[in-house]
2 protein chains.
Amino acid sequence: MYSRSGRYFQEREVRVNQLAQKLGISGDTVRYYTRIGYVHPVKNKSNGYKEYGEKEEHRLRFIQSARQLGFTVEDIGQIIGEAEKGKAPCPTVRRLIDQRLHETEQHFSETIALRKRMQAAVNDWHRKPDKAPTGDMICHLIENFSYTK
Amino acid sequence: MYSRSGRYFQEREVRVNQLAQKLGISGDTVRYYTRIGYVHPVKNKSNGYKEYGEKEEHRLRFIQSARQLGFTVEDIGQIIGEAEKGKAPCPTVRRLIDQRLHETEQHFSETIALRKRMQAAVNDWHRKPDKAPTGDMICHLIENFSYTK
DNA sequence: CCTAATCCTGTGCCCGGCTCACAGGTCAAG
DNA sequence: CTTGACCTGTGAGCCGGGCACAGGATTAGG
């Protein structure tokens, strides 16, 4: 419980896995954000371990919140970058979430369509028998299934 | 229009981009399936180009159909492998699509939840102003948004 | 004090399913 | 023969981390 300068204080610098556990994410994820320069832990000279303080914890919480809202890791870098230059990142945030939401809608309808095809296939195949492959047919289930709706 | 043996015949061996265009996919995609050994074009000795015949075309159509149904590339390898050993791949196909469908459902509900969060954020932010970052706040929109519904 | 065993870390490579960059070869026109 | 447009194979890159591994740090035991 001594700092490098010898003064008594509550321990604030934690190591990667301790912080990860506190945030409910994996150590690898924390390392990843460290690697790409989104957090800047201090390297402990004596053992080479990285030590994370409150600032890093807060930063990681921010990253988590943003990820939950569908921002990409790159988006978050942009947002952080603007904030660090003292600029309000809000306009960018608004613009980006519009984009990401649009993409999510897109992705959503593709997922629905895929699910529909898959369900149709499962239904269709339920009353069809297995068949050994022939020279020009790998799997008749797949090859004879055509989705037309 | 001469074969290597000098006989006259309709050209059947095509090159990567010709085949890709015919199938409506990218040349890179065809190259990818070639690289991982799902199709085996013949290497033209004189120019090093790979030449694709009907067999490869059929194989690629099969791969496309399977991908459309949500099978992973690895699934497809397994299916092809079984078929090539003369075994009916149908049981595997049925098992795999059940798995993939389940995953798609999972993914689907995650996508819905994400969309809901995003929409809620957009709504919430609509009547909130921009704010410059402070020492302990990167973006108040993101940090003050809590999804509780 | 030393040793052995266990824990923990940083680093670098790996994943899917392609896509892209690039160096160099090919082919038709002149 | 040369120019230049086109085409090819190969290797690397993408996201968002996950995983394996070697080796240092720390602890238990003596």
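The chains referred to below are lettered A, B, ... by the order of the sequence lines, with proteins before strands, and numbering in each begins at 1.
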Could you tell me whether A:D124 and A:K128 make a salt bridge, using a distance below 4.0 angstrom between a side-chain N and a carboxylate O? yes
Under 4.0 Å between a Lys/Arg side-chain N and an Asp/Glu carboxylate O for A:K55 and B:D136? no
N/O (side chain, [X]) to phosphate O (OP1/OP2, [N]) under 4.0 Å:
X     : N      : result
B:S26 : C:dT19 : yes
B:K50 : D:dT10 : yes
B:Y33 : C:dC18 : yes
A:T72 : D:dC15 : no
B:T29 : C:dT19 : yes

Figure out the [atom1]/[atom2] separation between [X] and [N], and round it to whole Å.
X      : N      : atom1 : atom2 : answer
B:I76  : C:dC18 : CD1   : C1'   : 13 Å
B:Y52  : D:dG9  : OH    : P     : 6 Å
A:N47  : C:dT11 : CG    : P     : 13 Å
A:K45  : C:dG10 : NZ    : P     : 14 Å
B:E110 : D:dG16 : CD    : C1'   : 15 Å
B:N44  : C:dG25 : CG    : C1'   : 12 Å
A:D28  : C:dC13 : CG    : C1'   : 12 Å
B:I63  : C:dG17 : CD1   : C1'   : 12 Å

Which is true for A:T34 with a 4.0 Å heavy-atom rule: it touches a base, it touches only sugar-phosphate, or it touches nothing? nothing
If you go through the side-chain atoms of B:R35, does one of them form a donor-acceptor pair with the base of C:dT19 closer than 3.5 Å? yes
Classify the side chain of A:R67 and the base of D:dG17 as holding, or not holding, a donor-acceptor pair under 3.5 Å. no
Minimum-distance pair of heavy atoms, taken over all atoms of B:L141 and B:W125: O-NE1, 3.2 Å
Six-ring centre of B:F71, B:R100 cation under 6.0 angstrom, axis tolerance 45°: no
Comparing B:F71 with B:G48, nearest DNA chain C nucleotide closer to 5' gives the residue B:F71
Determine yes or no for a side-chain-to-main-chain donor-acceptor pair under 3.5 angstrom, with B:Y38 supplying the side chain and B:V73 the backbone. yes
Considering only nitrogen or oxygen atoms on both sides, find all protein atoms under 3.5 Å from nucleotides 5-8 of chain C and state each distance.
none

Strictly by modelled atom types, are B:H107 and A:H107 linked by a side-chain donor-acceptor pair under 3.5 Å? yes
Under 3.5 Å, is there a donor-acceptor pair linking the side chains of B:D28 and B:S26? no
